[in-house]
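Read the numbers this way: they start at 1 and go in the same order the structure lists the ligands and their atoms.
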Amino acid sequence: MADYVKRLLLFGPPGAGKGTQAANVAGRLGIKHVDTGSMIRENMDQGTPLGLEARSYVERGELVPNDVIIRLIDDRLNRDDVASGWLLDGFPRSLDQARALSEMGPDNSEPVERVIFLEVPEEVLVKRLSGRRICSKCKGVFNIATLPPDEKDLCPLCGGELITRPDDNPEAIRNRFRVYRESTEPIGEYYENRGLLVRVDGTGEIEEVTDRVMNACKAD
Ligand code: AP5
């Protein structure tokens, strides 16, 4: 098997397929998928102090404050289970977060080896987000466009109830695109200047995109 980078991040607009691809790629590389959106939603479901603080931001499509999220990631990347590698999805989402991450390696070094930018046109993103359903039990992610017509309410993996994410309503989606353009998009240039950015076409079949991302993760 070819050599692959082991500390990477996947970034792109809401609905680009970050979660879908991160799960596939982390599985193929045998590294941990670290997803801030899911970590926050888990805290919200459990009613932890972090979840209670985050709820109003997430439901409006706004970013959760930096101090909360940077602490969460710093702690997560220092656990033993990520020693063999990690794939970050959902972090960083602003230049401040990117700068904080750039000092999280040993002796305050840049820990990121590669940044994959998933490019998808906005009209495709809106369609994907409005059709997304998640399983309330196993948290699997699906889309009404690909679920069998008579099984759109139950998870094909565990039979749990399929629900719409609270921030997948038209107003929150619009806001998430605005926040993405204003705060997150600039990190592309930040990583391009550091020679870490690779652009990948995120359209087409899921497996086809996974192959492209894997190709972009080969070590130099
Ligand atoms: P987060 O959960 O990270 O949301 P997001 O960035 O808006 O991304 P999404 O999860 O909506 O999309 P995705 O790119 O993962 O797409 P997916 O694979 O699901 O964050 C949510 C909120 O948490 C934020 O708004 C913020 O409040 C807070 N937050 C998180 N991180 C934060 C941070 N660092 N700082 C501050 N706040 C933070 O795919 C979408 C749909 O398309 C699915 O239905 C999927 O099945 C389908 N699909 C995927 N790929 C394909 C394909 N190739 N073809 C057809 N359909 C596809």
What protein heavy atom is closest to [atom], reported as residue, atom name and distance in Å?
{"atom": "atom 50 (N) of ligand 1", "result": "Arg128 NH1, 3.7 Å"}
{"atom": "atom 34 (N) of ligand 1", "result": "Gly90 O, 2.8 Å"}
{"atom": "atom 49 (C) of ligand 1", "result": "Thr20 OG1, 3.5 Å"}
{"atom": "atom 7 (O) of ligand 1", "result": "Arg176 NH2, 2.8 Å"}
{"atom": "atom 33 (C) of ligand 1", "result": "Arg93 CD, 3.2 Å"}
{"atom": "atom 53 (N) of ligand 1", "result": "Gly204 O, 2.8 Å"}
{"atom": "atom 29 (N) of ligand 1", "result": "Ile40 CD1, 3.5 Å"}
{"atom": "atom 2 (O) of ligand 1", "result": "Arg41 NH1, 3.0 Å"}

Subset of ligand 1 atoms that lie under 4.0 Å from at least one heavy atom of [X]:
{"X": "Phe142", "result": "43 (C), 44 (O), 46 (O)"}
{"X": "Ile206", "result": "50 (N), 51 (C), 52 (C), 53 (N)"}
{"X": "Val141", "result": "19 (O), 43 (C)"}
{"X": "Gly19", "result": "13 (P), 15 (O), 18 (O)"}
{"X": "Asp167", "result": "21 (C)"}
{"X": "Ala16", "result": "14 (O)"}
{"X": "Glu62", "result": "26 (C), 27 (O)"}
{"X": "Thr36", "result": "30 (C), 31 (N), 32 (C), 34 (N)"}

#### Entry: Asp96-Ser94 side chain donor-acceptor pair, cut-off 3.5 Å
no
### Message
I'd like to know if the side chain of Asn175 pairs up with that of Arg178 as donor and acceptor (distance under 3.5 Å, no hydrogens or angles considered).
### Response
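There is such a pair between these side chains.
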### Task
Just let me know how Ile69 lines up against ligand 1, side chain, backbone, both or neither, with a heavy-atom cut-off below 4.0 Å.
side chain
### Query
Just heavy atoms, cut-off under 4.0 Å: does Gln97 contact ligand 1 by side chain, backbone, both, or neither?
side chain
If you measure from the Lys or Arg side-chain nitrogens to the Asp or Glu carboxylate oxygens, is any gap between [X] and [Y] under 4.0 Å?
{"X": "Glu59", "Y": "Arg55", "value": "yes"}
{"X": "Asp45", "Y": "Arg41", "value": "no"}
{"X": "Arg76", "Y": "Asp35", "value": "no"}
{"X": "Asp168", "Y": "Arg176", "value": "yes"}

N/O of [X] under 3.5 Å from N/O of ligand 1, yes or no?
{"X": "Asp89", "answer": "no"}
{"X": "Tyr57", "answer": "no"}
{"X": "Gly17", "answer": "yes"}
{"X": "Arg165", "answer": "yes"}
{"X": "Pro14", "answer": "no"}

### Selection residues 19-73 - residue pairs positive for ring pair (Phe, Tyr, Trp, His ring centres under 6.0 Å), sequence neighbours left out
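The answer is none; no pair qualifies.
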### Message
Per the ring pair (Phe, Tyr, Trp, His ring centres under 6.0 Å) rule, what does the pair list look like for residues 88-146, sequence neighbours excluded?
### Response
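Those involving residues 88-146 are Phe11-Phe117.
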## Note on the structure
Between Ile73 and Met104 the two heavy atoms that sit nearest each other are CG2-SD, 4.0 Å
### Message
Please find the pair of heavy atoms, one from Gly204 and one from Val209, that lie closest to each other, and give the distance.
### Response
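Taking Gly204 first and Val209 second, the nearest heavy atoms are O-CG2, 4.1 Å.
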### Query
Which residue from Lys18, Lys127, Arg132, Gln21 reaches closest to atom 40 (C) of ligand 1 through any of its heavy atoms?
Arg132
### Task
Say whether Leu129 and ligand 1 are in contact under the criterion: heavy-atom distance to a ligand atom below 4.0 Å.
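Yes, Leu129 has a heavy atom closer than 4.0 Å to ligand 1.
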### Task
Check whether any heavy atom of Arg60 sits under 4.0 Å from an atom of ligand 1.
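Arg60 does not count as a contact of ligand 1 under the 4.0 Å cut-off.
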Side chain to side chain, [X] and [Y], heavy atoms closer than 4.5 Å:
{"X": "Leu87", "Y": "Leu29", "answer": "no"}
{"X": "Glu110", "Y": "Tyr191", "answer": "yes"}
{"X": "Glu161", "Y": "Asp153", "answer": "no"}

### Query
Taking a hydrophobic cluster as the set of Ile, Leu, Val, Met, Phe, Trp and Tyr residues connected by side-chain heavy atoms closer than 4.5 Å, whether directly or through intermediates, do Val198 and Leu118 fall within one such cluster?
yes
### Message
Using the rule given for salt bridge (Lys or Arg N to Asp or Glu O under 4.0 Å), can you reason through Glu123 versus Lys127, listing the C-alpha separation, both sets of side-chain angles and the distance that settles it, and then say yes or no?
### Response
CA-CA 6 Å; Glu123 65 274 14; Lys127 216 180 264 172; over 6 Å; no
